[in-house]
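Below: one structure, written as C-alpha cells.
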Amino acid sequence: QVQLAESGGGLVQPGGSLSLSCTASGSIFSIIQMGWYRQAPGEEREMIARITSDGNTDYIDSVKGRFTISRDDGLNTVYLQMNDLKPEDTAVYYCYVQGYVVPSRWDDYWGQGTQVTVSS
C-alpha cells in the first residue's frame with residue numbers, strides 16, 4: 001500500500017502564490033513519475049504538471065511560466081510552486097504518483113486532494 005499526503009492548499013488573492021507538497025509513503029520501491037492534477041466544479045480532472053524520475057517536466061499551456069513542479073528523491077516528495085494565481089486556478093488539486101511496489105510491477109496512486117481557492 002502506498003499513501004500520498006498532500007498539504008499547502010488554501011485561499012489566496014489573485015496574483016498571489018501558494019506551494020503544494022505531496023509525500024509518498026508505504027511500500028514504494030521506485031517512482032516513475034509524479035504530478036499534479038486539478039478538478040474544478042463541473043469540469044473534468046486534468047493533468048497540469050508532471051515530472052519524471054530523470055527530471056523531465058511537462059505543463060499544460062495555461063500554467064506555463066507560472067507554476068513550477070519539482071521533486072526531492074530522498075523524501076519521495078513532489079512540490080508545486082504556484083505563482084501569479086488566477087481565479088480560474090481555483091480547483092481541488094490532486095497529487096499523482098506512478099511507481100513500482102516491486103521491480104516488475106508499477107501502479108498509479110492518488111492523493112486525497114487539497115482545495116485551492118483564488119479570490120479577492
Side-chain angles (χ1 to χ4, degrees):
Q1 183 179 1
V2 175
Q3 297 179 352
L4 306 183
E6 300 183 36
S7 64
L11 174 65
V12 66
Q13 295 181 350
S17 299
L18 282 175
S19 182
L20 307 181
S21 65
C22 174
T23 299
S25 62
S27 58
I28 191 79
F29 173 74
S30 180
I31 293 175
I32 301 170
Q33 62 179 331
M34 306 181 79
W36 293 93
Y37 288 67
R38 70 184 181 189
Q39 186 171 22
E43 300 183 10
E44 297 290 327
R45 186 177 299 185
E46 63 177 351
M47 192 279 291
I48 59 172
R50 62 182 178 183
I51 183 168
T52 63
S53 60
D54 58 358
N56 291 327
T57 59
D58 192 24
Y59 303 89
I60 60 171
D61 289 341
S62 61
V63 308
K64 287 182 178 178
R66 300 189 297 120
F67 292 9
T68 302
I69 188 171
S70 61
R71 63 181 294 172
D72 187 315
D73 291 340
L75 299 178
N76 283 339
T77 299
V78 62
Y79 307 92
L80 185 68
Q81 178 64 46
M82 303 183 292
N83 298 323
D84 191 24
L85 284 161
K86 303 176 180 180
E88 52 263 42
D89 295 319
T90 297
V92 177
Y93 285 69
Y94 297 90
C95 176
Y96 164 79
V97 171
Q98 183 183 83
Y100 291 94
V101 293
V102 296
S104 60
R105 179 182 176 181
W106 57 265
D107 287 297
D108 300 324
Y109 307 95
W110 293 91
Q112 78 282 3
T114 184
Q115 178 70 47
V116 172
T117 302
V118 184
S119 176
S120 299

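Here the structure is a predicted model, which is why all the values come from computation and not from measurement.
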Looking at [atom1] of [X] and [atom2] of [Y], how far apart are the two atoms once the value is rounded to the nearest 0.5 Å?
{"X": "Ser120", "Y": "Leu11", "atom1": "OG", "atom2": "CG", "answer": "9.5 Å"}
{"X": "Ser19", "Y": "Asn83", "atom1": "OG", "atom2": "CG", "answer": "9.0 Å"}
{"X": "Gln81", "Y": "Ser21", "atom1": "CD", "atom2": "OG", "answer": "11.0 Å"}
{"X": "Ser62", "Y": "Arg38", "atom1": "OG", "atom2": "CZ", "answer": "5.0 Å"}
{"X": "Gln33", "Y": "Asp108", "atom1": "CD", "atom2": "CG", "answer": "8.0 Å"}

Could you pull out the closest heavy-atom pair between [X] and [Y], with the gap in Å?
{"X": "Ala5", "Y": "Gln112", "answer": "CA-OE1, 4.2 Å"}
{"X": "Gln115", "Y": "Ala91", "answer": "NE2-O, 3.4 Å"}
{"X": "Cys22", "Y": "Leu4", "answer": "SG-CB, 3.8 Å"}
{"X": "Ile69", "Y": "Met34", "answer": "CD1-O, 3.9 Å"}
{"X": "Tyr109", "Y": "Gly99", "answer": "CE1-O, 4.3 Å"}
{"X": "Ser70", "Y": "Ile51", "answer": "CA-CD1, 4.2 Å"}

**Asked** Which pairs count as salt bridge (charged side-chain N to carboxylate O under 4.0 Å, His left out) when at least one residue sits in residues 6-26, sequence neighbours excluded?
**Response** none
**Asked** Would Val101 and Val97 show up in the same hydrophobic cluster when neighbours are defined by side-chain heavy atoms closer than 4.5 Å?
**Response** yes
**Asked** According to a 4.5 Å side-chain heavy-atom criterion applied to Ile, Leu, Val, Met, Phe, Trp and Tyr, with indirect links allowed, do Met47 and Met82 form part of one hydrophobic cluster?
**Response**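 Each belongs to a different hydrophobic cluster.
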**Item:** Tyr94 and Trp110 aromatic ring geometry - parallel, tilted or perpendicular at 30°/60° bounds
**Value:** perpendicular
Any side-chain heavy-atom pair of [X] and [Y] under 4.5 Å:
{"X": "Arg71", "Y": "Ile31", "result": "yes"}
{"X": "Tyr96", "Y": "Val78", "result": "no"}
{"X": "Val2", "Y": "Asp107", "result": "no"}

**side chain to side chain contact (heavy atoms under 4.5 Å, CB included) evaluation trace for Ile48 with Tyr93** = CA-CA 9 Å; Ile48 59 172; Tyr93 285 69; 3.4 Å; yes
**Message:** Please evaluate residues Thr114 and Leu20 with respect to the criterion side chain to side chain contact (heavy atoms under 4.5 Å, CB included), reporting the C-alpha separation (whole Å), side-chain torsions for both, the decisive distance (0.1 Å), and the verdict.
**Reply:** CA-CA 9 Å; Thr114 184; Leu20 307 181; 4.2 Å; yes
**Asked** How about Thr90 and Thr117: does a side-chain donor come under 3.5 Å of a side-chain acceptor?
**Response** no
**Request:** Mark yes when over 12 heavy atoms from residues, nucleotides or ligands other than Glu88 sit less than 6.0 Å from its CD; otherwise mark no.
**Result:** yes
**Prompt:** Counting only heavy atoms not in Gln13, do more than 12 sit closer than 6.0 Å to its CD atom?
**Reply:** no
**Request:** Decide side chain to side chain contact (heavy atoms under 4.5 Å, CB included) for Phe67 and Leu80; before the verdict, give the C-alpha distance in whole Å, the side-chain angles of both, and the deciding distance to 0.1 Å.
**Result:** CA-CA 7 Å; Phe67 292 9; Leu80 185 68; 4.2 Å; yes
**Message:** For Lys64, give me all partners under salt bridge (charged side-chain N to carboxylate O under 4.0 Å, His left out), at least two apart in sequence or on another chain.
**Reply:**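 Result, salt bridge (charged side-chain N to carboxylate O under 4.0 Å, His left out) vs Lys64: Asp61.
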**Message:** Between Arg66 and Asp89, is the side chain to side chain contact (heavy atoms under 4.5 Å, CB included) condition met? List the steps.
**Reply:** CA-CA 11 Å; Arg66 300 189 297 120; Asp89 295 319; 2.8 Å; yes
**Asked** Is the shortest side-chain N to carboxylate O distance from Lys86 to Asp84 below 4.0 Å?
**Response**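 No, this pair does not count.
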